[in-house]
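Heads up, the thing below is written out as structure tokens.
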Amino acid sequence: MSKIRVLIADDHTVVRDGIGAMLSREPDFEVVGEAADGARAVELAQSLDPDVILMDLRMPVLDGVEAMMQIAGAGLRARCLVLTTFDTDEYIFRAIEAGARGYLLKDASREELFRAVRAINAGESLIQPAVAARVLDRFAQMSRAAEKQEDVLSTRELDVLREMAHGKANKEIALSLSISENTVKTHIASIFQKLEVSDRTGAVTRAIQLGYIRL
């Protein structure tokens, strides 16, 4: 029987050891590598060619979302299953946007973990019920918000948002759009107010969720 080759990416040694020990007891799993940060996870994904990567989200050097984006961008066949303690909307949607095929919280049972790994390997998607409920609620909120906020952002505000999504500072945005820095600040303040957010990351995340922009 061909084994499912698993790479574990988590910055806590105890977590990696525990998950590795659990998986190794199953006859159809083979732990082929461990990574303590996202950059190492990308390197091992390229060199070891695992079937499934168990990916934590908050890790040093490169976080899980960025690691998944790089893995997807490199055209690697590994499927990513997020295993994390974070269940906020921002983390969930960023992970899904980055290409996660599954999302589990670390309080999941070992049976849930085994089932998720097998499902992901088979080409299916699996989101823990508690997380799935949040996803459905969020989609419903997004739908209602989109109806209320349709075309609420001006063309210039959308231009500024796209520049923000690329990580540009106010000065760089001003140069790119041929407007003053003060005008950029005014647009950003307006964007924050209209999208009901308090920072640039929140604005970009919200805009992606509402379909205003794409990364």
Side-chain angles (χ1 to χ4, degrees), residues 9-12 35-46 53 55-76 78 80 82 84-100 103 131 134-135 138-139 141-215:
D10 195 292
D11 60 333
H12 293 96
D37 61 69
R40 183 60 175 160
V42 175
E43 292 175 2
L44 292 180
Q46 293 172 325
I53 302 174
M55 185 76 74
D56 192 12
L57 290 182
R58 292 189 64 175
M59 293 185 290
V61 185
L62 198 67
D63 67 23
V65 168
E66 291 295 330
M68 287 190 290
M69 291 175 66
Q70 290 192 19
I71 289 168
L76 302 178
C80 294
V82 170
T84 183
T85 58
F86 301 98
D87 64 349
T88 62
D89 291 352
E90 179 183 356
Y91 279 108
I92 294 168
F93 278 86
R94 286 186 67 214
I96 293 173
E97 181 81 14
Y103 201 109
V131 176
R134 295 180 69 93
V135 172
R138 189 59 173 170
F139 272 125
Q141 293 172 12
M142 287 165 53
S143 178
R144 291 192 295 269
E147 291 176 0
K148 293 179 180 179
Q149 299 188 38
E150 184 177 3
D151 298 327
V152 69
L153 297 180
S154 69
T155 300
R156 182 56 84 188
E157 287 167 348
L158 286 172
D159 290 338
V160 171
L161 253 176
R162 293 187 187 98
E163 298 294 322
M164 288 167 57
H166 286 93
K168 292 186 178 181
N170 289 355
K171 184 175 182 179
E172 294 173 306
I173 296 173
L175 289 172
S176 177
L177 300 180
S178 299
I179 56 180
S180 70
E181 280 192 66
N182 284 335
T183 299
V184 171
K185 292 177 182 178
T186 299
H187 284 315
I188 291 175
S190 177
I191 290 167
F192 286 180
Q193 181 180 11
K194 289 179 178 180
L195 296 184
E196 299 179 346
V197 297
S198 59
D199 56 38
R200 298 165 79 98
T201 299
V204 172
T205 300
R206 181 71 170 153
I208 291 171
Q209 292 172 350
L210 292 174
Y212 287 128
I213 61 174
R214 290 185 177 277
L215 291 180

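Quantities reported herein were computed from a predicted structural model and do not represent experimental measurements. This chain uses plain numbering: 1 for the first residue, then up along the sequence.
K168 contributes atom NZ, which lies 12.5 Å from atom CZ of R162 (distance to the nearest 0.5 angstrom). Note that CD of E181 is 10.0 Å distant from CD of E172, once rounded to the nearest 0.5 Å. To the nearest 0.5 Å, the span separating CD on E196 from CZ on R206 amounts to 7.0 Å. Between the CZ atom in F86 and the CD1 atom in I92 there is a gap of 12.0 Å [rounded to 0.5 Å].
Taking both residues in full, the closest heavy atoms of S180 and A174 are given as C-CB, 3.9 Å, listed atom of the first, atom of the second, then distance. Here the closest heavy-atom approach between residue V197 and residue G202 is recorded as CG1-O, 3.6 Å. The two atoms that bring L44 and A35 nearest to each other are CD1-CB, 4.1 Å, heavy atoms only. Listed here is the closest heavy atom pair of A67 and G38: CB-O, 3.7 Å. Residues E157 and S190 approach most closely at OE2-OG, 2.6 Å, considering heavy atoms. Across all non-hydrogen atoms, the minimal contact from C80 to M55 is SG-CE, 4.4 Å.
Inter-residue side-chain proximity for L153 and Y212 is flagged as met; some heavy-atom pair is nearer than 4.5 Å. Residues R156 and T183 are not in side-chain contact: their nearest non-hydrogen atoms beyond the backbone lie 4.5 Å or more apart. The shortest distance between side-chain heavy atoms of M69 and L62 does not fall below 4.5 Å. Between E163 and V184, the closest side-chain pair of non-hydrogen atoms is not below 4.5 Å. Residues T84 and Y103 are in side-chain contact: their nearest non-hydrogen atoms beyond the backbone lie under 4.5 Å apart. Contact annotation: the side chain of M68 approaches that of L57 to within less than 4.5 Å [non-hydrogen atoms, C-beta and beyond].
When each of I188, I173, L195, I208 is paired with L161, the side chain to side chain contact (heavy atoms under 4.5 Å, CB included) condition holds for L195 and for no other. Partner of D11 under the side chain to side chain contact (heavy atoms under 4.5 Å, CB included) criterion, out of D56, D37, V61: D56 alone.
Here salt bridge (Lys or Arg N to Asp or Glu O under 4.0 Å) pairs that include residues 62-76, with residues two or more places apart or in two chains, are D63-R94.
Side chain of T186 to backbone of N182: a donor-acceptor contact under 3.5 angstrom is found.
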